[in-house]
Amino acid sequence: MTYLPALEKTDPQIRDLILAEEKRQWNVIRLIPSENYASKAVLEASGSVLTNIYSEGYPGKRYYEGQQYTDQIETLAIERVKKAFGVDHANVQPYSGSPANMAVYTAVLQPGDTIMGLALAQGGHLTHGWKVNFSGRQYHSAPYELDPKTERLNYDQIWKQAKEVKPKLIVAGYTAYPRIIEWNRFREICDDVGALFHADISHITGLILGGVHPSPFPMADTGITTSHKSLRGPRGAMMMCKAAHAAAIDKAIMPGLQGGPHNNTTAAIAVAFKEAESPAFKAYAAQIVKNAKALAERLNKHGFRLITGGTDNHLILFETFKSKGILGRDASRALDRAGIVANCNLVPFDTQTPMNPSGVRIGTPSVTSRGMKEPEMAKIGDWMNEVLTHATDEAVLARIAGEVKEFCSSFVCPGIDPLNWKE
Ligand code: DSN
């Protein structure tokens, strides 16, 4: 039987592109640290009839009738998030991470208030105060930086800066930081200067729920996470907060910034949190870190300089330019041609440009979801080294792409069944 038969009939172009993407995800080693493989159960909820209805408002207080089931679904999602993080309040309606951060700021700040987040070029996020983003335009952004020697957070320095600029809110949580975040230090700083402590745990939620990274809750006043990164859920986000901010946060997302929630995503978030309660999820989270350490060690052995010297979490940031004379963009393109998907990235205090920076960012959530372990990480590290030392040799890249495809055929991808492709 044809796979995706309804799509085949209605829109074969899109069907073929989805199928090609499915095969790509199966055939390559995906190392982008913010990506993953959602389970079949998450995909079923995401692709369900829940996409058909509107539910503006919150469970029990909607503007439209017909909420007999959506109220139950959203309540389940909220309760699971609250239990998982031990927070007073959760809102599962943000469409993604950026609107979630925007809603938190809208709830607790006034335009012009000072915020402090890690500079984008050093591993912060656009919404943590970058100058061209709403967060840097609407608020007064005073970004903090990493320690130039250790390339790690320097809590004393952040504290000193906070005393000087007196922020209303400090953001902790990053997109390219390979080390454990000491949340208690942020709590201490925020208490001292009278700032709100906002945690953006999007990258590390799976690690937190799996017990291999400390949680910022209930210490943080507010927090957000996306649901599709190490958590392995659908594309979505949520906000968590202390009771004092609950009403403001709910109002900020709806009616402040959004209309109807995406009920299909809400259901899939609930499923992801149920999956995260399992012992298998804890083992997955622990293996993510073991894999990242193994891959980091191998890259280090091959002469790549690792930012901060290694990793404690799911992510590795490494120099390609100074280590091997190849700029990040050229490196990530060569890796992609060889079936290894990563993204080029600025390294702290980079002298190159964001479009062609000095380094590459990788992470292990996706390969861990496929059941790969330390021996496979060593193999991946060897391939990466070979690619990056022969980056312009198309024959080498093509040979490795073939080897990678063969290697990948032994590792199942959650949510993908290649038997579907046999027509
Ligand atoms: N795009 C995400 C990442 O790759 O880290 C951040 O939003």
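We use all heavy atoms of the structure for the numbers below, so side chains are in, but hydrogens, waters and symmetry mates are not. Atoms within a ligand are numbered from 1 in the order they appear, just like the ligands themselves.
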With sequence neighbours left out, the residues meeting ring-ring contact (aromatic ring centres under 6.0 Å, His included) with Y177 are Y174
What are the distances between nitrogen or oxygen atoms of ligand 1 and protein nitrogen or oxygen atoms, counting only those under 3.5 Å?
| unit_1 | atom_1 | unit_2 | atom_2 | d |
| --- | --- | --- | --- | --- |
| ligand 1 | 4 (O) | S34 | OG | 2.6 |
| ligand 1 | 4 (O) | R361 | NH2 | 2.8 |
| ligand 1 | 5 (O) | H203 | NE2 | 2.7 |
| ligand 1 | 5 (O) | R361 | NH1 | 2.9 |
| ligand 1 | 7 (O) | H125 | NE2 | 3.0 |

So K301 and E297, salt bridge (charged side-chain N to carboxylate O under 4.0 Å, His left out) or not? Walk me through it.
CA-CA 6 Å; K301 197 176 136 216; E297 200 178 300; over 6 Å; no
### Message
Take a 6.0 Å sphere around OH of Y155 and say whether it holds more than 12 heavy atoms from other residues, nucleotides or ligands.
### Response
yes
The complete set of side-chain hydrogen bond (donor to acceptor under 3.5 Å, both in side chains) pairs with one or both residues in residues 307-317, sequence neighbours excluded, reads R179-T308, R179-D312, H203-H314, T311-N313
- prompt: Is the cationic atom of R232 (NZ for Lys, CZ for Arg) positioned less than 6.0 Å from the six-membered ring centroid of Y284 and within 45 degrees of its normal?
  reply: yes
In short, side-chain hydrogen bond (donor to acceptor under 3.5 Å, both in side chains) pairs touching residues 348-357 with sequence neighbours left out are D350-S358
